[in-house]
Amino acid sequence: MAVVVTVPVCLLLTVAGLAVYGRAEALGDARATRAEVGLSLRIQALVHQLQRERGLTNGLLGGEEEFRPLLATTREHVDTALRDMRRESAVEDVVQRRLRRLAGIRSAADAGTADQAATLTFYTGAVDALNTVDPVAASATGTDRRLRDGLAALRELAAAEESVALERGLLNGVFAQGAFHGRTYIDFTEVRATRVAALARFRTVATAPQRAALEKAFATADAERATTYEKQAEDAAEGTPLRAAAGAWWEAMTALVDDLYAVQQSVGDDVRHRADRLSHEAELALTAYLLAGTLIAALVMGLAAFASRSLTRPLRALAETAHDVARHRLPEAVARIQHAPQEHARLLQPKDAPDAPDARLLGGAAEIAEVAVSLHQVEHTALQLAAQQAGLRRNTTESLANLGRRSQNLVRRQLGLITRLERQELDPDALAELFELDHLATRMRRNAESLLVLAGQNSPRPTMAPADGLEVVQSAVAEVEQYRRVLIATVEPVRVRGHAVADVAHLLAELIENGLNFSPPTEPVEVHGWFDAEDDTYSFAVVDHGVGMSAADKERAGALFSGSGEDVLLAAPTRFLGHLVVGRLAHRLGEGTRVHLFDTPGGGLSALLALPGRLLAPAEDPSTATAPPPARPSVSSLLNGFRAGVARAEARNPQGASS
């Protein structure tokens with residue numbers, strides 16, 4: 001009874017707790033975002049004043065003495081903003097590290113002894129450091145898309161404003177000097193590119209009113225005047241004289257920067273209002289979840305206490321019966337049916353199978369009695385389905401074998417007839433068509449053999465004499481449709497035992513066909529072969545440069561490569577039967593035969609077939625046999641061994657030999 005009451009209550013409380021936690025987390029995120037936006041706006045206010053001081057200082061160092069009064073006023077604004085920011089722990093470290101030399105920089109600028117480029121770098125570094133500690137710069141808070149987009153818009157607008165302000169200060173000094181010097185022109189072009197990129201990203205995440213405000217800022221008369229000056233600067237290469245009034249440029253760009261700063265504040269207000277709304281909604285939702293969870297928990301506890309009194313004993317008895325059916329009776333009966341499919345009638349009603357459980361013995365109500373009867377019916381139906389499935393498997397296998405044998409006999413006769421016609425034909429064109437017909441018949445023979453393989457029949461071809469590895473590859477290539485696209489790279493000498501020749505050739509043909517079907521018609525499919533003396537294995541690699549396979553598809557294909565039972569045949573989709581044929585053939589070749597898939601470097605898929613030493617025959621003439629290659633990483637290391645083998649084969653024969 002305690003378990004019946006405790007489990008649902010615990011589950012309910014867990015779900016309610018997760019829901020409450022989610023609402024509380026959303027509330028915390030909204031409040032944190034609101035605080036972060038407020039801090040960000042204060043940081044941007046300091047950045048805005050520093051940007052103004054940077055531009056005026058650069059113009060003063062360029063020779064424009066008229067900037068001194070404006071510079072003095074701007075410095076006072078910067079000092080006021082700095083005093084306010086010193087109370088923020090997140091910004092204090094940046095202020096101490098980056099702005100401790102501010103007084104010295106100002107004194108040197110006033111005396112005219114400061115280096116113009118170094119001074120500009122100092123102010124730019126301070127602005128970048130403040131933007132880095134801006135909490136909005138690294139914020140990805142919450143799941144609300146409008147909030148995320150608002151934060152992203154605020155970040156991009158800050159970057160755009162910094163680019164515009166930096167351009168203002170940079171060209172202020174250039175116009176004061178009358179020309180670009182050193183890397184100044186390159187810096188100008190980089191700043192403009194940064195501004196364009198930031199504004200493009202802003203437009204992708206901003207709302208329509210925010211985009212309209214941005215366009216309005218760039219449509220003012222001051223902005224158009226600034227654009228005119230920018231074009232003059234853009235057309236002036238290094239050393240080309242520039243005749244532009246630095247004061248007019250400063251006024252136009254300052255108006256544009258102020259307008260952008262106003263847009264930035266508007267976006268920040270929008271984000272803050274959205275965070276306030278989300279916070280309010282999260283508070284209401286949290287309260288509702290707490291009330292609903294309390295009420296439902298109380299209701300469930302009462303219902304569980306009531307229901308447990310009448311359900312515990314009959315349900316326990318019913319559970320024991322169900323466990324006996326699921327764990328013992330049903331699996332044993334199904335196993336007997338599958339192993340003896342001709343005795344369905346006897347197995348459906350085993351002598352030791354109990355009758356349907358009596359509701360009175362269970363001690364439950366009529367509903368529990370109905371469940372018990374239904375459980376017994378499920379057991380009986382499952383036995384019938386197992387018998388039907390056993391018959392279906394047998395019939396499917398026999399049908400596949402029958403069709404395969406018939407097709408094989410017909411194709412064999414057809415190949416014999418085509419061979420006789422080829423011997424009698426003298427016309428080259430007609431002989432070429434007969435060769436194509438012979439190739440089609442060979443492919444039909446492989447399809448018939450695939451049916452026999454799927455049916456679990458023995459090797460459809462008679463036992464052959466040992467064959468050379470290159471002959472096995474050529475036999476496989478002859479059984480694929482687009483054989484002209486197959487490139488036989490270096491295949492190191494090897495002899496394959498006669499009983500395995502047909503299966504290896506068939507397996508390689510399936511892998512080559514797969515590579516041809518899933519690679520561009522202009523790309524060849526390569527076949528490599530090499531011997532690994534360390535593992536006493538010989539490996540064939542089929543390499544394509546096509547679409548490749550996902551990790552999930554490769555895992556599924558690997559499962560089919562390792563499967564050999566009829567259950568896999570009946571469950572696998574028809575488009576994967578080629579993989580199943582490969583798996584059956586590998587299983588029939590015996591232990592140690594492995595098929596693996598890897599990604600081809602540069603794109604595509606590579607299949608590796610590793611044959612154990614017991615399938616390899618000794619060379620015909622040991623005196624002329626090629627010595628084993630130098631030891632490489634073990635083929636059992638799979639990918640590393642495969643790549644090493646392919647690299648070595650290509651190094652020995654860079655051009656390859658076309659099939």
Side-chain angles (χ1 to χ4, degrees), residues 465-476 487-508 510-512 515 525-544 554-555 557-559 561-562 564 582-583 585-602 604-657:
D468 185 73
L470 182 59
E471 295 176 350
V472 174
V473 173
Q474 291 172 339
S475 176
L487 180 68
I488 302 179
T490 300
V491 177
E492 296 181 0
V494 70
R495 301 280 291 174
V496 180
R497 292 191 180 275
H499 71 278
V501 169
D503 288 343
V504 173
H506 191 169
L507 196 155
L508 284 175
E510 293 289 344
L511 297 177
I512 294 171
V525 172
E526 306 166 12
V527 182
H528 303 262
W530 69 89
F531 182 77
D532 194 312
E534 182 179 343
D535 277 358
D536 191 26
T537 59
Y538 191 87
S539 298
F540 290 101
V542 179
V543 182
D544 70 61
K554 284 189 288 188
E555 184 177 356
F561 289 163
S562 62
S564 61
V582 171
L585 290 171
H587 178 75
R588 190 157 65 190
L589 287 171
E591 184 179 358
T593 305
R594 294 164 295 172
V595 181
H596 300 282
L597 297 179
F598 306 102
D599 292 329
T600 301
L605 189 69
S606 299
L608 177 67
L609 168 63
L611 300 179
R614 58 181 181 78
L615 297 180
L616 308 178
E620 288 183 329
D621 187 357
S623 63
T624 60
T626 304
R632 293 189 312 276
S634 171
V635 176
S636 61
S637 63
L638 302 181
L639 182 56
N640 292 334
F642 162 65
R643 287 178 177 169
V646 171
R648 193 187 65 170
E650 291 179 347
R652 289 185 175 182
N653 186 8
Q655 301 299 326

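Worth knowing before you read on, the calculation uses all heavy atoms, side chains too, and leaves out hydrogens, waters and symmetry mates.
- Considering NE2 of H596 and CZ of F561, their distance stands at 10.0 Å, rounded to 0.5 Å.
- For the atom pair D544 CG and S606 OG, the distance stands at 6.5 Å (nearest 0.5 Å).
- The backbone N or O of E492 sits less than 3.5 Å from a side-chain atom of Y538, completing a donor-acceptor pair.
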Checking side chain to side chain contact (heavy atoms under 4.5 Å, CB included) for the pair D536/F531: CA distance, chi angles, key distance, verdict? CA-CA 8 Å; D536 191 26; F531 182 77; 3.8 Å; yes
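- L511 contributes atom CG, which lies 9.5 Å from atom CG of L585 (distance to the nearest 0.5 angstrom).
- Counting all heavy atoms, side chain and backbone alike, P466 lies closest to R495 at O-NH2, 3.3 Å.
- The two residues R497 and R614 make their nearest non-hydrogen contact at NE-O, 3.0 Å.
- Shown here for V501 and A465, the closest heavy-atom pair between the two residues is CG2-O, 4.0 Å.
- Taking the side chain as every heavy atom from C-beta outward, P612 and T593 approach each other to under 4.5 Å.
- Scanning all heavy atoms of the two residues, the minimum distance from A505 to A476 falls at O-CB, 3.3 Å.
- Checked against side-chain contact (heavy atoms from CB on, under 4.5 Å), E471 has the following partners two or more places apart in sequence or in another chain: A467, D468.
- Looking at heavy atoms from C-beta onward, F598 lies out of side-chain contact with V543 at the 4.5 angstrom threshold.
- Here the straight-line distance linking atom CG of D532 with atom OG1 of T537 works out to 4.5 Å at 0.5 Å rounding.
- Counting all heavy atoms, side chain and backbone alike, A586 lies closest to V595 at CB-CG2, 4.2 Å.
- Between E510 and L507 the shortest side-chain heavy-atom distance does not fall below 4.5 Å.
- To the nearest 0.5 angstrom, L605 atom CG is 7.0 Å from K554 atom NZ.
- Partners of V504 under the side-chain contact (heavy atoms from CB on, under 4.5 Å) rule, at least two apart in sequence or in another chain, are V472, V496, A500, L508, F540, L589, L609, L611.
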